[in-house]
Amino acid sequence: MAQYDVVVIGAGPGGYVCAIKAAQLGMKVALVEKRTTFGGTCVNVGCIPSKALLQASEKLAEAQHGLEAFGVEVGKPKLNLKQMMAHKTQTVDQNTKGLVFLMKKNKIDTFHGTGRIAGKRKVVVALEDGKDETLEAKNIVIATGSDVAGIPGVEVKFDEKVIVSSTGALEFAKVPGHLVVVGGGVIGLELGSVWARLGAKVTVVEYLDTILGGMDGEVAKQMQRLLAKQGLEFRLGAKVTGVAKAGKGATVTFEPVKGGAAETIQADAVLVATGRRPYTDGLGLKEAGVELDERGRVKTDAHLRTNVEGIYAIGDVVAGPMLAHRGEDEGVAVAETIAGQAGHVNYGVIPAVVYTSPEVASVGRTEEELKKAGIAYKVGKFPFTANGRARAMLQTDGFVKVLADKADDRVLGVHIVGFGAGEMIHEGAVLMEFGGAAEDLARTCHAHPTLSEAVKEAALAAFDKAIHI
Ligand code: NAI
């Protein structure tokens, strides 16, 4: 029987990063994956392909109405959806091939098949050829990720053509006339805006009375205004109670959360993006005695250890934000813990980015969270309309908001709506990781002219006074 220091089940961003780190730390590592390619949801049907389509559809929108003001006339642009999809596929392929290389480079043994924990320190892999392979593991890391949750209490029959999850919404063969998106969260807005840019009428039906629930309220409101300007329609405070195929399309039925008459709208396609659930099917957790919480997530302690010795869990399958980079950092931390080092993840400083146009990015706490916690804070804000580079780029939508502790100026949160927000947010992340103050950021020389100067100005506004407004 093959023997390993660590067997990682699931090769998404959490699992493969954990495998690499464990190998770097000198351990013998096996990685088990049921897909034919590595990278999990993120690389295969999530973050990476969606970003390829976001980028491509933004190019189309730019060519349609974003270039004349620069004095660039390109004539009427034409969508070649097949080529756009080819770009997406190529991007995914480059990433999955890169992962094969990384596994080889780090001498990680890989097994393609479904892994199951079978007794103490044993993982059985049901290989693609029908045979079983048993791996003996000193340590097991569960990194099996998540799957589409559907709508609680509503039967949704996904055919991934008309009624789709995020996976099908990356593959429409033609642009739907009317796309109804159930859920105004991250997936709904990112993929909804892709298809809106490609020509679909998009209606977002959301239960809460805000989009991007959980994000800073001011940021969410601003983003809704910007998306509405791009043509997306919003039905907020609306609970979807039915999604059904009807003719070539589908119907979506919803009712006001506050009470009132139900409404049904016709759609050519429906994207259901109402969250994801931890994926633990067939893993043998019950038999292994691994405890789950009330929402089916693997229970772990602060070191990502389950209740069973030698079994760890990371990423979407564990409570916390379902973000690839959180899984990656947990993967590193667990590998370090297993190696006897002090593995640690700072959950207070995990950036979140919504890749709409413009982007939304945030790190740390929101104003709502600070109010709820009774923490006195200062707000520094700076709009991109007052940033020279943003004006030159015709990217003046949005603002930067820095929240700092009123008592000691320590930065507690940074929230950005604007072009490049997903890159700029890391200024806030690094600062917060080091416990920095708004003054530290405000006194850090920023190159001119850059969009990042808006981050500096917002910090100045929190600490003292902004200069350029
Ligand atoms: P989400 O949790 O972000 O949003 C789901 C939305 O659906 C919520 O606003 C919820 O109120 C709404 N909803 C639920 N039931 C409803 C009903 N019956 N009627 C109307 N609305 C209803 O989940 P989403 O967008 O599916 O994403 C899943 C996970 O993947 C999230 O944890 C997200 O953070 C992650 N993700 C992250 C990305 C990023 O970091 N850029 C990109 C894509 C996904």
Side-chain angles (χ1 to χ4, degrees), residues 12-14 40-55 145-156 158 164-170 180-194 203-215 217 220 223-224 227 234-243 252-258 262-265 267 270-279 295 297 315-329 350-363 416 421-423 425:
T41 301
C42 173
V43 173
N44 290 283
V45 287
C47 326
I48 298 297
S50 67
K51 259 79 272 172
L53 292 186
L54 281 161
Q55 199 66 39
S146 60
D147 197 2
V148 174
I151 311 175
V154 179
E155 197 194 350
V156 181
F158 290 98
V164 302
S165 67
S166 51
T167 304
L170 292 167
V180 173
V181 176
V182 184
V186 192
I187 292 179
L189 298 185
E190 287 185 2
L191 290 174
S193 51
V194 163
T203 307
V204 178
V205 186
E206 165 58 47
Y207 181 90
L208 302 173
D209 52 17
T210 174
I211 59 166
L212 296 175
M215 280 256 176
M223 203 54 221
Q224 191 187 329
L227 290 172
F234 293 96
R235 305 297 300 263
L236 302 183
K239 181 184 179 189
V240 170
T241 53
V243 177
V252 175
T253 305
F254 55 92
E255 53 192 42
V257 173
K258 287 188 183 135
E263 216 180 300
T264 297
I265 42 178
V270 180
L271 162 60
V272 177
T274 46
R276 300 179 60 85
R277 66 170 179 92
Y279 187 81
R295 289 166 67 179
R297 300 170 295 198
D316 283 8
V317 81
V318 176
M322 288 183 163
L323 298 170
H325 43 284
R326 194 257 308 201
E328 291 185 35
D329 284 13
I350 295 183
V353 180
V354 187
Y355 299 88
T356 42
S357 178
E359 291 175 350
V360 183
S362 111
V363 65
I416 309 176
E423 304 294 336
I425 198 64

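In listed order, ligands and their atoms are each counted from 1.
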Quiz item: Ignoring hydrogens and geometry, is there a side-chain-to-backbone donor-acceptor pair from Arg297 to Val317 under 3.5 Å?
Solution: no

Quiz item: Distance-only, no hydrogens or angles: does the Glu359 side chain make a donor-acceptor pair with backbone N or O of Gly422 under 3.5 Å?
Solution: yes

Contacts table for ligand 1: protein N or O within a distance under 3.5 Å of ligand N or O, distances only.
from     : atom 1 : to     : atom 2 : distance (Å)
ligand 1 : 3 (O)  : Val186 : N      : 3.4
ligand 1 : 9 (O)  : Glu206 : OE1    : 2.7
ligand 1 : 9 (O)  : Glu206 : OE2    : 3.1
ligand 1 : 11 (O) : Glu206 : OE2    : 2.6
ligand 1 : 18 (N) : Val240 : O      : 3.3
ligand 1 : 19 (N) : Val240 : N      : 3.0
ligand 1 : 21 (N) : Tyr207 : N      : 3.1
ligand 1 : 23 (O) : Gly275 : N      : 3.4
ligand 1 : 25 (O) : Val186 : N      : 3.3
ligand 1 : 25 (O) : Ile187 : N      : 2.9
ligand 1 : 26 (O) : Ala273 : O      : 3.4
ligand 1 : 26 (O) : Gly275 : N      : 2.8
ligand 1 : 40 (O) : Val353 : O      : 3.4
ligand 1 : 41 (N) : Glu190 : OE2    : 2.9
ligand 1 : 41 (N) : Val353 : O      : 2.7

Exercise. Mark yes or no for whether Thr203, through its side chain, and Val180, through its backbone, hold a donor-acceptor pair below 3.5 Å.
Key: no

Self-check item: Counterpart residues, salt bridge (Lys or Arg N to Asp or Glu O under 4.0 Å), relative to Arg326 (two or more places apart)
Solution: Glu330

Self-check item: salt bridge (Lys or Arg N to Asp or Glu O under 4.0 Å) against Asp147, all qualifying residues, sequence neighbours excluded
Solution: Arg277

Quiz prompt | Sequence neighbours excluded - salt bridge (charged side-chain N to carboxylate O under 4.0 Å, His left out) pairs with any residue from residues 181-190 | solution = Lys51-Glu190

